[in-house]
Amino acid sequence: MFGKKRVAIVGAGVTLFRRNLKETGKELAYHAAKMALEQAGMELHDIQSVVVGSAPDAFDGVHMKGEYLADGAGAYHKPYMRVFVGGATGVFAPLAGWWHVASGKFDTCLVVCEEKMSSCYPHPQYAFTTIFDPILERPIGMNLIWIFALEMNRYMHKHNIKKEDIALVSVKNKRNALDNPIAQLAANITVEDVLNSEIMAWPVQRLDVSPTSDGAAAVVLVSEDVAKEVTDNPVWIDGVGWCIDSTHWTNRDLYYPDYVEYAARMAYKMAGIKNPPKEIDVAEPYDPFDYKELHHMEGLLLCKKGEAPKLTREGVTQRDGDLPVCPSGGLLGVGNPISAAGLMKVCEIFWQLRGEAGKRQVPGDPRTGVAQAWGDLMQYSSVIVLRR
Amino acid sequence: MSVKIKHYPGEEIETQDFREGKVLFESFKPKAKYAWSAGIAISRFLEELKNGRILASTCSKCKRIMVPPRIYCEKCFKPTDGWTYVKDTGTINTFSVSFIAADASRLKEPIVVAIINLDGASEGMGIVHWLNEYGDWREIKIGMRVKAVWKPPEERVGAITDIKYFKPIKE
Ligand SMILES: [Zn+2]
C-alpha cells in the first residue's frame, strides 16, 4: 500500500454547468460541497481538512481566489489549501486530498472545485493571453485556441488522421451528454455539422471545442476506517499520478503527450495495472477539444500511438463499447468550468463504479476507472485510478 | 449525476440580462500595467535580433543547441556553456490559420502562426512566429521550408517582432 492509509471517495456533488449562473463562485462551491457531504451521509464537523481547486484568478477577477472561496467550500476554522495546475487542477485537487488522508494526518478531506468564467467579458478567452511568455510570445498575440490548433495539426500530420475521425468524438460526447442532467451542450449532431461549423483557428472549428462555463463539483475523501463506518459502497483511490513537461513548448513535439504517459504510468504502477486497455473498464480523459480525447487515450496507454481515432470509428469508445470513454458527455457535452469539469470526471467514474449513473451507466459492472485532466502550456497532466 | 440525486442547483441567466439590468452586478476594469526585464539570456537574444542574427545557447553535456537561448539547461540542470548563431531559415513543424483574435472576435483576414524549427538548432528546437506571403492558406503544409523576413535595421528595437514574419521559400 502507498501511504499510511488507504483512501476512499464516499460522496460526490455537482451543480449545473451553464454559460452563466446567477450564483457567485462561493455559492456554487457551497452547493457542490453540501451535496457531496449529504451523499456521504456526513456533516461539515466530520471534515478535518479541505482542498479547493480553481483555475486562473483572471476569470473571476479575484486574486486570492482560494481565500475567496474558503467559506463556501466549508473551510471555516479548518486546515485548508487551494491548488492550481491550470486545466489539470480538477483531477489534481483530489490527488492533493488523497495525500492529506493517505499521509495519516487526516481521516477526512473535502475536495471542492469551482470555476466562474462568465464574469470575464467580452470573452474569458482573453484572460488566457497572460499565460504566455511576455517577451517572446505575447507580442505575437499567442492565445489558447492557437496552441490547441498547433497541437491538433501536428497530431493529425504525424498519424495522417482525418478531421472526420476527430469529429466523431464531438458527436459521441455531445450525444452522451443528452443523458446528463447537468449538461450545458448536449446535442444530437453529425460529423458534417462539425466539419461545417465556423473555422476558429484551422484545424479547430467551432464544434471541435468545449464551451466556457460556470459550475462546481466536490468529493468527500475518507480513510479506510471511516469508509467502513459511513458506507457499504466505497470507491477506492488506488492510483495517483501527475507530471509536468518543459515550459519551452515550442521545443517539444506536440504530437504525443509524454507527460500524460508518465503520470499514467505512475498511477498504474501504484494500482498494479499492467495492461490498461484490458484492466480499465471506463475512462474519462480530458476533452476540452475533440482531438484531446484521442491524444489523451494514447497518453493514458489505452491504445497505441495514433490508434485512438480507429477505436473511435469502430465504436469501441461508445458507452456500450468495449472501452467506454467520456460516458458523462465530457467537457464537449457537459461544459467546461475548468477545474469543476475535471472533478466532474472523477465524480462520473465514482458514480459509474457505484452503478448510480442511470441512463449513462456503462454495461458490464465496471470495477476500475480512470479520470485525467490536462493543462498549463500543454504540459501538465493529473491522473487518478478508482476501484470499487 | 447520480440516480440518487433529484435536483442540481444553479440558476441560469443570460449575458443580455446584465445589459438589460435584469441582474444586479458590479464591474471593474484593472488599470495595472506591467514591464518585464527580458532577463539575462533573452536580452542577449534580442540584442542579436537587432543585428539580424538568431542566437542560441549550447550545453556541453547533452550537446543541445537551444533556441530560444537560456542560461541553464533544464535537462542537465547546469549552466549552459556556449553561445552560437542558428540560421534564419527553417521548417514548419506545425501551423494554424486563425480567424479569431485573442479576445475571440472574428478577423477579416486570417493570421497564420507557426512553430518553425530553425536550421542549425537541435532537432525539434522551434520558435513560434507569424507566417506570411503564403498565397492561399490551404496550400500551407507542415514540412514547408521558410525564411525570416526582417525589419530594416533602423527599425529594429530588440524585440521578437524585429523579425516581421517567416515566408515560404523554394530551394
Ligand atoms: Zn544539457
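Naming: A, B, ... by sequence-line order, numbering from 1 per chain. Side-chain atoms are counted along with the backbone in the values below, which use heavy atoms only and exclude waters and symmetry mates.
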- Query: Do B:E12 and A:R19 meet the salt-bridge criterion of a basic N to acidic O distance under 4.0 Å?
  - Reply: no
- Got more than 12 heavy atoms from elsewhere within 6.0 Å of OH, A:Y30? no
- Non-hydrogen atoms of chain A under 4.5 Å away: do they reach the side chain of B:F25, the backbone, both or neither? neither
- Looking at side-chain heavy atoms only, is the closest gap between A:N20 and B:T15 below 4.5 Å? yes
- Message: Would you say that more than 12 heavy atoms from the other residues, nucleotides or ligands in this model lie under 6.0 Å from the CD of B:E123, or not?
- Response: no
- Query: Around B:L107, counting heavy atoms of other residues, nucleotides and ligands shown, do more than 12 lie under 6.0 Å from its CG?
  - Reply: yes
- Heavy-atom proximity to chain A below 4.5 Å, by part of B:A159: neither
- Does NZ in A:K359 sit with more than 12 non-hydrogen atoms of other residues, nucleotides or ligands closer than 6.0 Å? no
- Determine the option with the most heavy-atom pairs under 4.5 angstrom with chain B, choosing from A:N143, A:L150, A:L21. A:L150
- Any donor-acceptor pair under 3.5 Å linking the side chain of A:N153 with the backbone of B:F95? yes
- Decide if atom CG of B:D136 counts as having more than 12 heavy atoms of other residues, nucleotides or ligands within a radius under 6.0 Å. yes
- Mind ranking B:Y165, B:W137, B:W130 by heavy-atom pairs under 4.5 Å with chain A and telling me who comes out on top? B:W130
- Counting heavy-atom pairs under 4.5 Å with chain B, the top scorer among A:E198, A:E27, A:M142 is A:E198
- Distance-only side-chain donor-acceptor flag, B:S96 / A:W146, under 3.5 Å: no
- Message: Is it the case that the side chain of A:E23 and the backbone of B:E11 share a donor-acceptor pair, with hydrogens and angles ignored and the cut-off at 3.5 Å?
- Response: yes
- Message: Do A:R154 and B:N93 make a side-chain contact, defined as non-hydrogen atoms from C-beta onward lying under 4.5 Å apart?
- Response: yes
- Message: I want to check something: taking the side chain as every heavy atom from C-beta on, are B:S27 and A:Y121 in contact at a cut-off of under 4.5 Å?
- Response: yes
- Task: Measure A:Q39 against the heavy atoms of chain B and call it side chain, backbone, both or neither at under 4.5 Å.
- Result: side chain
- Stepwise side-chain contact (heavy atoms from CB on, under 4.5 Å) check, A:W249 with B:V128: CA-CA 9 Å; A:W249 59 276; B:V128 63; 4.1 Å; yes
- Item | Heavy-atom contact with chain B under 4.5 Å, split by part of A:I145 | side chain
- Query: Can you say whether A:L254 sits under 4.5 Å from chain B via the side chain, the backbone, both, or neither, judging by heavy atoms?
  - Reply: side chain
- Message: At a heavy-atom distance under 4.5 Å, which candidate from A:P134, A:G61, A:A149 has the highest pair count against chain B?
- Response: A:P134
- Task: Kindly check if the number of other-residue, nucleotide or ligand heavy atoms within 6.0 Å of CD (B:E26) is above 12?
- Result: no
- Options A:P139, A:A216, A:G355, ranked by heavy-atom pairs under 4.5 Å with chain B, top entry: A:P139
- How far does NZ of A:K22 sit from CD1 of B:I13, to the nearest 0.5 angstrom? 7.5 Å
- Task: Against chain A, label B:V67 side chain, backbone, both or neither, depending on which of its atoms sit under 4.5 Å from a heavy atom there.
- Result: backbone
- Task: Apply side-chain contact (heavy atoms from CB on, under 4.5 Å) to the pair A:T15 and B:Y8, showing each step before the final yes or no.
- Result: CA-CA 5 Å; A:T15 66; B:Y8 294 89; over 6 Å; no
- Message: Measuring from atom OG of B:S2 to atom CZ of A:R354, what distance do you get when rounded to the nearest 0.5 angstrom?
- Response: 7.5 Å
- Message: If you define the side chain from C-beta out and look only at heavy atoms, does anything of A:I135 sit under 4.5 Å from B:L46?
- Response: yes
- Query: With side chains defined as the heavy atoms from C-beta onward, is the minimum distance between A:N251 and B:P68 less than 4.5 Å?
  - Reply: yes
- Task: Tell me, for B:I111 versus chain A, whether the close heavy atoms (under 4.5 Å) come from the side chain, the backbone, both or neither.
- Result: side chain
- From the list A:G13, A:P124, A:P181, A:A127, the residue making the most non-hydrogen contacts under 4.5 Å with chain B is A:P181
- Message: Is B:E14 close to chain A through its backbone or its side chain, or both, or neither, when contacts mean heavy atoms under 4.5 Å?
- Response: backbone
- Query: So how far is it from B:F18 CZ to A:S118 OG, rounded to the nearest 0.5 Å?
  - Reply: 6.0 Å
- Query: Should the heavy atoms of other residues, nucleotides or ligands under 6.0 Å from NZ of B:K141 be counted, would the total exceed 12?
  - Reply: yes
- Item | Straight-line distance of A:M156 CE to B:I142 CD1, nearest 0.5 Å | 8.5 Å
- Go through the steps for A:L136 and B:I127 under the test side-chain contact (heavy atoms from CB on, under 4.5 Å), then give the verdict. CA-CA 9 Å; A:L136 298 183; B:I127 62 166; over 6 Å; no
- Query: Taking every heavy-atom pair that is under 4.5 Å apart, which of A:M152, A:H248, A:Q361, A:E151 has the most such pairs with chain B?
  - Reply: A:H248
- Identify the heavy atoms of B:M1 and A:W351 that sit nearest to each other, and give their distance. N-CZ3, 2.9 Å
- Is chain B contacted by the side chain of A:R252, its backbone, both, or neither, given a heavy-atom distance below 4.5 Å? backbone
- Task: Flag the pair A:M35 / B:P9 as yes when at least one side-chain heavy-atom distance between them is below 4.5 Å, and no otherwise.
- Result: yes
